[in-house]
**Student:** 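One structure, pasted below without further comment.
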Amino acid sequence: MELNLEFISTKLIKPSIPTPQHLKNYKLSFFDQLAEREHMPLLLFYPHGNNDDKFDEKLEKSLSRILSHVYPAAGRLSRDRCSIDCLDQGVKFTKAKVNCQFNDFINQVQNDLNLALFFFPRDIQDLKDADFDSTPPMVVQVTKFECGGIAISISASHPVMDGFSNFKFVYEWAKVCKFGIPADQIDFMSFDFGEILPARDLSRIFPNRVHPVELEAKFIAKRFFINEQTISSLRDKFTGAIDSGELCFKPSRVEIITAILWRALIRVSEAKHGYLRRSLVFFPVNLRGKISLPLKENAFGNYVMDAPIQFVPEKNKMELHDFVTLIRNSVQKAIDACAIGSADDIIATVAKSYKEIFASKEWGTDNDEVDKCIISSLCKFPMKDADFGRGKPSLMHFGLRNFHSCWMYDAECGSICVQVDLKDSYLSLFECESDIKAFTNGNQERIQLQPLL
C-alpha cells in the first residue's frame with residue numbers, strides 16, 4: 001500500500017485557562033531524570049463515526065481545556081533540565097489527510113503493522129539533544145482517511161511523563177471531548193512529585209541510563225491476541241509445579257506471558273548464535289501506591305523503575321515455572337528497594353541498582369554478549385476505552401520501534417494483545433519458535449494475528 005500524506009495545518013493549542021503565576025515553574029523529579037530522552041508515541045485509529053461536523057472543533061477545544069489541568073504538557077523544558085517553564089507555550093497540533101480508505105488500511109495493517117508508523121508525527125524521531133529540549137513535551141497529529149476515519153497520534157516527552165501519565169491523559173482527554181466537561185471540573189492528577197522527590201545532580205552518583213538503540217537494523221512488529229480461555233489453560237500448566245513445590249505461588253497472567261515471550265526470545269538467540277547466551281529483560285514497574293512517601297496514585301510525571309531480570313545459562317533453568325519465579329522475585333526486589341525509606345534512601349538504592357546494570361562490564365550496554373529487551377505490561381491502563389465520541393479505537397500502536405520490545409495491553413473480553421517489536425531476522429525465528437507456534441498453529445488457534453476490532 002502506497003500512502004501519501006498531506007499536511008493541512010499546524011498550530012499550538014494552549015490551555016483554555018492561563019496557568020497561575022505560582023505554577024509557572026514545574027519541578028521535575030528524580031525519576032523524571034532517569035527517563036530516556038525520547039518521545040513515546042501512542043497511536044489510536046477510529047473508524048468513521050457519526051456525522052459530527054464539529055468534531056475537529058471539539059477535539060481542539062477539549063485539548064485546550066484539559067491542558068489547563070495538565071499544564072506542564074503545554075510548557076517547555078528549562079535550560080537546566082530540572083524543571084518545566086509553564087508559560088502556556090502550547091502543544092503542537094497538526095492536521096493531515098491520507099489518500100486511502102480506513103477499512104483498506106486496517107486490512108493491510110494486519111499483514112504489515114509497520115504501516116502504522118506512517119501516522120506518527122514527523123518531528124519526534126531521531127531528535128538531536130538541543131532539538132529535544134525545544135520540542136514541546138506533547139505533540140499531537142490527527143490524520144483523516146478519505147472515508148472519514150481518523151488516526152490520533154499523541155507523543156509525549158518521556159522525561160516529562162511516563163506511560164501511565166500519557167495514557168491517563170489521553171483517556172481523560174477523550175472523556176472531556178465526548179462529554180464536553182468544562183475546564184474547571186477537570187481534576188484527575190497531582191503535580192507535586194518534584195517536591196517530594198526532587199531532581200538531583202546525578203553526574204557523580206549515576207551512570208547514563210541509555211538503552212542501546214540500533215537505528216541501522218530493520219525492526220518489524222507483530223501482534224498476538226491471547227483470549228481468556230487460553231490464559232486459563234496456561235495457568236493450568238503450572239498446577240503440577242505448584243503441587244510439587246517447584247512453584248510456591250499462583251502466577252499472574254502478565255507473569256505467564258512474560259515468561260513465554262522471554263523463553264522464546266532466548267531460544268531464538270540460541271538458534272542465531274549457536275549457544276545459549278545471557279539475557280537481560282528491562283521490566284518497567286509502576287511504583288505508584290507501592291512506597292511510603294506521600295505520593296498519590298495519580299501522580300503526574302515518571303514514577304517507574306526498570307526492574308532488571310537476568311538469565312544466566314549456568315545458573316538458571318529453562319522451565320517456564322523457573323522463568324516465572326525469576327520474574328516475580330526480580331520485580332518484587334525492585335519494589336521492595338523503593339518501598340520504605342526517605343527520598344535519599346530511595347535515590348541511593350535506585351542508583352546502586354542501575355549501576356550494577358548500566359555501568360557493569362558483565363551486563364552493561366556495551367556488552368554485545370548479552371541479549372537485551374524490554375517486556376512491558378500496559379494492562380489495566382485505560383487506552384482501549386479512549387472514546388472521543390467515536391467509539392473505542394479499532395487499532396492501537398506503541399513505541400518508536402528501535403529496540404527489541406514486547407508490549408502487553410488489555411483487549412476485548414478479557415483477552416490480552418501482545419505487540420512484539422523485533423529485528424526482521426529475529427521475528428521470522430520467533431514466529432517459528434515452539435512456544436509461540438504452539439499457540440498460533442494449535443488445534444484451537446489460540447493466538448491469532450489480527451487487528452483489534
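A quick note: this is a predicted structure, and the numbers were derived from the prediction, not measured.
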**Student:** Okay, side chain of D104, backbone of C100: is any donor-acceptor separation there less than 3.5 Å?
**Tutor:** no
**Student:** Looking at K168, I want to see if its NZ is surrounded by more than 12 non-hydrogen atoms of other residues, nucleotides or ligands under 6.0 Å.
**Tutor:** yes
**Student:** How would you list, by chain and number, every residue that makes a side chain to side chain donor-acceptor pair (under 3.5 Å) with E6, sequence neighbours excluded?
**Tutor:**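 With neighbours one apart ignored, the set is empty.
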**Student:** Thinking salt bridges, do E433 and R263 make one under a 4.0 Å N-O criterion?
**Tutor:** no
**Student:** Kindly say whether the aromatic ring centers of F105 and F118 come within a distance under 6.0 Å.
**Tutor:**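 Not close enough - the centres of the two rings lie 6.0 Å or further apart.
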**Student:** Could you tell me if N227 and T230 have a donor-acceptor pair between their side chains, going purely by distance under 3.5 Å?
**Tutor:** yes
**Student:** What's the verdict on side chain to side chain contact (heavy atoms under 4.5 Å, CB included) for I150 and T143, showing C-alpha distance, side-chain angles and the deciding distance?
**Tutor:** CA-CA 5 Å; I150 60 171; T143 306; over 6 Å; no
**Student:** Would Y303 and F193 count as a ring-ring contact (aromatic ring centres under 6.0 Å, His included) here? Give the steps.
**Tutor:** CA-CA 9 Å; Y303 198 34; F193 193 24; 4.8 Å; yes
**Student:** Between CD1 of I309 and CD1 of I375, what distance do you get to the nearest 0.5 Å?
**Tutor:** 7.0 Å
**Student:** Any chance the side chains of S165 and D162 put a donor and an acceptor closer than 3.5 Å?
**Tutor:**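 Note: S165 and D162 side chains meet the donor-acceptor criterion.
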**Student:** Establish, from distance only, whether the side-chain atoms of D32 and S29 form a donor-acceptor pair under 3.5 Å.
**Tutor:** yes
**Student:** Sequence neighbours left out, what passes salt bridge (Lys or Arg N to Asp or Glu O under 4.0 Å) with R37? Give chain and number order.
**Tutor:** D129, D133
**Student:** Please check if the side chain of S153 supplies one atom and the backbone of F120 the other of a donor-acceptor pair under 3.5 Å.
**Tutor:**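 Flag not set: sc S153 to bb F120 has no pair under 3.5 Å.
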**Student:** Please lay out, stage by stage, how F300 and F169 fare under the test ring-ring contact (aromatic ring centres under 6.0 Å, His included).
**Tutor:** CA-CA 9 Å; F300 177 82; F169 176 94; 8.4 Å; no
**Student:** Decide if atom CD of Q332 counts as having more than 12 heavy atoms of other residues, nucleotides or ligands within a radius under 6.0 Å.
**Tutor:**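 Result for CD/Q332: enclosed.
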**Student:** Please confirm whether F191 and Y71 have ring centers closer than 6.0 angstrom.
**Tutor:**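 Centroid separation for F191 and Y71: below 6.0 Å.
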**Student:** Check whether Q89 reaches the backbone of L87 with its side chain - one donor and one acceptor, N or O, closer than 3.5 Å.
**Tutor:**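 Checked: pair present.
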**Student:** Checking the side chain of S330 only, and the main-chain atoms of I327 only, is there a donor and an acceptor separated by less than 3.5 Å?
**Tutor:** no
**Student:** Quick one: does R288's side chain have a donor or acceptor within less than 3.5 Å of a partner on A299's backbone?
**Tutor:**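 Here the side-chain-to-backbone pair exists.
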**Student:** Ring centres under 6.0 Å, that's the criterion: do Y46 and F145 meet it?
**Tutor:** no
**Student:** In terms of side-chain heavy atoms, does T19 have a donor or acceptor partner in D88 at a distance below 3.5 Å?
**Tutor:**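 Present: a donor and an acceptor within the cut-off.
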**Student:** One thing to verify: whether E60 and K95 come together as a salt bridge, which I'm taking to mean a side-chain N less than 4.0 angstrom from a carboxylate O.
**Tutor:** yes
**Student:** Say you draw a straight line from CZ of F188 to CH2 of W173; how long is it, rounded to the nearest 0.5 Å?
**Tutor:**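 Between F188 CZ and W173 CH2, I get 11.5 Å after rounding to 0.5 Å.
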**Student:** Would you kindly say whether T94 and R122 are connected by a side-chain donor-acceptor distance under 3.5 Å?
**Tutor:**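 Distance-only check fails for T94 and R122.
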**Student:** Counting N and O atoms only, with roles assigned by atom type, does the side chain of H404 sit under 3.5 Å from a partner on the main chain of L422, one being a donor and the other an acceptor?
**Tutor:** no
**Student:** Can you tell me how far the CG atom of L287 sits from the SG atom of C338, to the nearest 0.5 Å?
**Tutor:**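 L287 CG to C338 SG: 5.0 Å, rounded to 0.5 Å.
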**Student:** Would you say that more than 12 heavy atoms from the other residues, nucleotides or ligands in this model lie under 6.0 Å from the NZ of K97, or not?
**Tutor:** no
**Student:** Under 3.5 Å, is there a donor-acceptor pair between the side chain of S62 and the main chain of L59?
**Tutor:** yes
**Student:** Any donor-acceptor pair under 3.5 Å linking the side-chain atoms of D371 with those of S279?
**Tutor:**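 S279 vs D371: no donor-acceptor pair found between side chains.
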**Student:** Please determine whether a side-chain nitrogen of the Lys or Arg among R278 and E369 lies less than 4.0 Å from a carboxylate oxygen of the Asp or Glu.
**Tutor:**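 Judged by the 4.0 Å cut-off on N to carboxylate O distance, R278 and E369 do not form a salt bridge.
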**Student:** Got a sec, which residues hit salt bridge (Lys or Arg N to Asp or Glu O under 4.0 Å) with E255, two or more places apart in sequence or on another chain?
**Tutor:** R328
**Student:** Determine whether a donor-acceptor pair (N or O, by modelled atom type, separation under 3.5 Å) exists between the side chain of R267 and the backbone of D435.
**Tutor:**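 A pair under 3.5 Å: no.
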**Student:** With rounding to the nearest 0.5 angstrom, report the CD1 to NZ distance, I13 to K61.
**Tutor:** 11.0 Å
**Student:** Can you tell me if R390 uses its side chain to pair, donor with acceptor, with the backbone of P47 under 3.5 Å?
**Tutor:**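 Side chain of R390 to backbone of P47, a donor-acceptor pair under 3.5 Å: yes, one is there.
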**Student:** Are the side chain of S405 and the backbone N or O of F403 linked by a donor-acceptor pair below 3.5 Å?
**Tutor:**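 Yes, because the side chain of S405 sits within donor-acceptor range (under 3.5 Å) of the backbone of F403.
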**Student:** What is the distance from atom NE2 of H397 to atom CG of L44, rounded to the nearest 0.5 Å?
**Tutor:**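 If I round to the nearest 0.5 Å, the distance is 12.0 Å.
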**Student:** Can you label the angle between the F45 ring and the F102 ring as parallel, tilted or perpendicular, going by 30° and 60°?
**Tutor:**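 F45 and F102: tilted rings.
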**Student:** Quick one about H158 and N302 (side-chain donor to acceptor, distance below 3.5 Å, no hydrogens or angles considered), yes or no?
**Tutor:** yes
**Student:** Let's go through Q33 and L28 carefully: what are the C-alpha distance in whole Å and the side-chain angles of both, what is the deciding distance for side chain to side chain contact (heavy atoms under 4.5 Å, CB included) to 0.1 Å, and is it a yes or a no?
**Tutor:** CA-CA 7 Å; Q33 290 179 286; L28 296 178; 5.6 Å; no
**Student:** Exactly one of K392, K380, K178, K175 should register a salt bridge (charged side-chain N to carboxylate O under 4.0 Å, His left out) with D385. Which one does?
**Tutor:** K392
**Student:** Roughly how far, to the nearest 0.5 Å, is the NZ atom of K27 from the OG atom of S78?
**Tutor:**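 Rounded to the nearest 0.5 Å, the OG-NZ separation comes out at 9.0 Å.
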